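Treat the numbers as computed from the prediction; the structure is a model and nothing was measured. Counting convention: from 1, in listed order, for ligands and their atoms alike.
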Amino acid sequence: KMAFELPDLPYAHDALSNFGMSKETLEYHHDLHHKAYVDNGNKLLAGSEHEDKKLEDIVRDTYQPQALVQSGLFNNASQHWNHIQFWEMMGPKSVGMPSELENKIVSDFGSVQDFKDKFCASGVGQFGSGWCWLVQDKSGTLSVTKTENGVNPICHNQTALLGCDVWEHSYYIDFRNKRPNYLTNFLEKLVNWENVASRML
Ligand code: FE2
């Protein structure tokens, strides 16, 4: 039987502290919040019809497009997947945007700054908890989206290139209520653009 497992962060808890994400935030966010999704997800997964599936398939198969409220298994599985991606999409070494990604962004958004403005506006515009994303659809086109709670691009048959957690637990310690500042800092200092580029179709 498969079970969800909390992966270690791909860097030390204090590795991002010079880039606007403190050790305290990562201790709460990874060690407590992400772990809770894993633990609660495992309780709901045990004995269910989804027990032997890959995480992505559990997310896809438990998402209910018409539902006003998603199931507990969806919420915890999708948040588990979202946070695994989120940790990998950040890093302590500042790497420039690989030219393949930059060219695609310029082609689909007009400029890198236009993309960044859209991404921040999407994250600011997500009312309440959720995520904003840079996604690629099956035809290859990039766009910026936002999703509520744990919903993610898998639910919309899109590939997630970049995602930013805009739940308050992701920014309240370091940025208090200033979500726009958190998003700008995320794009300018935290994103590992090589990881983002590696996700392109
Ligand atoms: Fe989170």
Side-chain angles (χ1 to χ4, degrees), residues 3-17 19-45 55-56 58-59 62-63 69-92 119-135 144-156 158-192 195-196 199:
F4 302 139
E5 280 182 43
L6 181 69
D8 288 337
L9 285 173
Y11 29 75
H13 285 77
D14 62 0
L16 305 182
S17 59
F19 306 95
M21 189 169 283
S22 64
K23 182 178 182 216
E24 186 182 4
T25 287
L26 284 172
E27 284 170 349
Y28 273 89
H29 199 173
H30 172 271
D31 302 359
L32 299 177
H33 288 282
H34 189 171
K35 183 173 191 296
Y37 297 129
V38 168
D39 292 345
N40 291 327
N42 279 329
K43 285 179 201 151
L44 297 163
L45 185 62
L55 177 58
E56 287 81 357
I58 296 171
V59 171
T62 58
Y63 179 59
V69 178
Q70 298 295 322
S71 70
L73 180 55
F74 171 82
N75 284 333
N76 286 287
S78 64
Q79 281 290 74
H80 178 37
W81 187 88
N82 292 346
H83 285 83
I84 294 170
Q85 316 312 312
F86 185 56
W87 310 135
E88 293 175 350
M89 288 163 173
M90 297 187 289
F119 189 88
C120 287
S122 190
V124 171
Q126 170 54 39
F127 185 76
S129 296
W131 294 74
C132 59
W133 306 92
L134 171 65
V135 301
V144 162
T145 67
K146 59 179 190 278
T147 56
E148 61 179 17
N149 299 321
V151 178
N152 64 39
I154 294 173
C155 306
H156 302 294
Q158 296 161 330
T159 299
L161 303 188
L162 178 64
C164 187
D165 189 340
V166 299
W167 287 58
E168 282 187 350
H169 66 222
S170 193
Y171 60 87
Y172 216 82
I173 292 170
D174 298 320
F175 292 90
R176 295 303 173 193
N177 60 323
K178 297 183 177 63
R179 192 191 284 186
N181 299 19
Y182 158 75
L183 282 156
T184 303
N185 181 79
F186 175 78
L187 287 175
E188 298 305 326
K189 296 191 176 166
L190 285 168
V191 174
N192 176 349
N195 181 272
V196 177
R199 297 166 181 269

(request) Using only heavy-atom distances, determine whether the side chains of Ser78 and Asn152 contain a donor-acceptor pair under 3.5 Å. (result) no

(request) Quick one: list whatever passes side-chain contact (heavy atoms from CB on, under 4.5 Å) with Lys35, sequence neighbours left out. (result) Leu6, Asp39

(request) Please check if any side-chain donor atom of Gln79 sits under 3.5 Å from a side-chain acceptor atom of Asn76, or the reverse. (result) no

(message) Whether the side chain of Gln126 engages the backbone of Ser122 through a donor-acceptor N/O pair (distance < 3.5 Å, no angle test) should be reported.
(response) no

(message) Please enumerate all residues that pass ring-ring contact (aromatic ring centres under 6.0 Å, His included) together with His33, with sequence neighbours excluded.
(response) His169

(request) For Phe19, enumerate each residue passing the ring-ring contact (aromatic ring centres under 6.0 Å, His included) test, keeping only those at least two apart in sequence or located in another chain. (result) none

(message) Less than 2.8 Å away from the Fe ion (ligand 1), how many protein N/O/S atoms can be counted, ignoring water?
(response) 4

